[in-house]
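Worksheet for the structure shown next.
Whatever order the structure lists them in is the order used to number ligands and atoms, beginning at 1.
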Amino acid sequence: MQNKRLAKWIQDHTEMLGSTDREEDQALHAALFEGIIEMALNGETRLVNSVLESAAAHAVAVGRPLTHLLGVPQRLRERIWQRIGEEVDPEPAFMMLAAVDVMFVHIIRVTIDAYEEATKLATAAKATEISRLYAESERKVMEYTAEVARANRELARLEQAKTDFISIAAHELKTPLTLIQGYANILRDILTDERAIPLADGIRRGSERMGTIIEDMLDLSAIDTNRLSLFLEPVNLNKTIRLIIRQLEPTLQERKQTLQTVGLDTLPTIEADTYRLHQVFAQLINNAIKYTPDGGTINVIGQILEANKKMPACVRITVQDTGVGIAPEDREKIFEKFYRVGSSDLHSTGHTKFMGAGPGLGLTIVKGLVEAHQGRIVAESQGFDIQNCPGSAFIVTLPIEAMPRPGLQVTRLPKVAETAETASRTTPP
Ligand code: ADP
């Protein structure tokens, strides 16, 4: 490959040979030219090899085909051949051209090898990159899964803490409250000053309301922890609901609302917990009163549902009102504990006042109690509209023959229609 004469000739023709028509090939052309001089001068191929290797790597990286890359040394060789043929005497020209061809055979071979190698590396790099991305996404999925599991554990812990808090707070408050109620009653009886009587009554009413909230908290914690006890006995829903209506009569009159019943007297006796069902329908009717403006109408409708493949024979009680209604997005959320629709500014205070807010436990307990009987409750409404009052309907389905939820403590009371105990337990809290 070494040819001092050729080396000198090429060096003398730097101007002529060191240029190319293609702009993008200029750098490779010039570097190759230097490499050829080095080869011809010292027989040293390192420079030309590294030039070709980096050109091949670049060509592969930018997606340039091998034929395109080989065009650069080929055009350089043609030019050298042409010039030597024109300028050099035949005999030395022959030697020089032989040396040129040996060098270009080397250049072509190295270019092809380097291109193949660069292609392999690029494929391997792509595969490595793909497996790296895969490993990374797998790691991320694992991280997210762990994160979600951690968040779920934390949620469960918070939920448990909330249940514990409700249970402890309710138990702790119950004793002092019973004392307050007792003393308020005594005070009411022994007071001689007329002006003090309304004050004692106020204390009694306030502590009764607090007592109801504490009972709700205790019920909620019993439902949450599946510690609810059911006392099953034959229940006449017509009687139970009529008792509730009687108890709510003064409120209905005060709110100038009409309450109608349909089909309740056709309902069969069902096996259930009277006290708990009293609680369910008292809450639903009380809510219907609260969320219906003065002068509105409430319907309580009883129906029998025949047994089918999916469910046993049931009764269905619908408490329908002409009130403010419920937005679609709230229809399920209202059964969650402490959930109240809208901001608290929308609500007034009071047990039966229009839009009177409670702690948001009523429907949660209702749902828990209905489901403890393996029943179902759903809310239906066209939407929430305080001006036009589209109304709501709460539909409760209960099996006629008791089939309480597994895990509950169930006591079956003797089938005596109205024992003294039953009668006393039907009295609302
Ligand atoms: P609260 O103690 O706030 O009345 P509930 O659990 O009984 O709590 O009810 C939850 C929410 O469901 C209420 O704040 C109210 O927005 C909505 N709601 C319940 N009953 C009715 C009804 N009959 N009509 C319209 N909205 C109702």
Taking [X] first and then [Y], would you say they form a salt bridge - that is, a charged N and a carboxylate O separated by under 4.0 Å?
X      : Y      : result
Arg132 : Glu129 : yes
Asp265 : Lys239 : no
Glu371 : Lys367 : yes

Within-cut-off N or O pair, Val324 and ligand 1, under 3.5 Å: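 Such a contact does not occur with ligand 1.
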Any N/O pair Asp321/ligand 1 closer than 3.5 Å: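 Yes, there is a polar N/O contact under 3.5 Å.
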Side chain, backbone, both or neither: the part of Val366 lying under 4.0 Å from ligand 1 by heavy atom: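 For Val366, no heavy atom sits under 4.0 Å from ligand 1.
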Ile334 neighbourhood, listing ligand 1 atoms whose heavy-atom distance to it stays under 4.0 Å: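 Those of ligand 1 that fall under 4.0 Å from Ile334 are 10 (C), 11 (C), 12 (O), 17 (C).
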Per-atom contacts of ligand 1 with Gln283, taking only distances under 4.0 Å to non-hydrogen atoms: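 Within the 4.0 Å cut-off of Gln283, ligand 1 contributes 7 (O).
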Among Asp216, Ile298, Ile326, closest by any non-hydrogen atom to atom 26 (N) of ligand 1: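 Result: the heavy atom closest to atom 26 (N) of ligand 1 is in Ile326.
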Arg331 side-chain N/O to Ser381 backbone N/O, donor-acceptor pair under 3.5 Å: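 Pair found, side chain donor or acceptor close to backbone of Ser381.
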Least distance between heavy atoms, [X] atom then [Y] atom:
X      : Y      : result
Ser221 : Thr163 : CB-O, 4.2 Å
Leu28  : Leu69  : CD2-CD1, 3.9 Å
Pro293 : Gln257 : O-NE2, 3.4 Å

Would you say [X] touches ligand 1, if touching means a heavy atom closer than 4.0 Å?
X      : value
Phe394 : yes
Gly323 : no
Ser381 : no

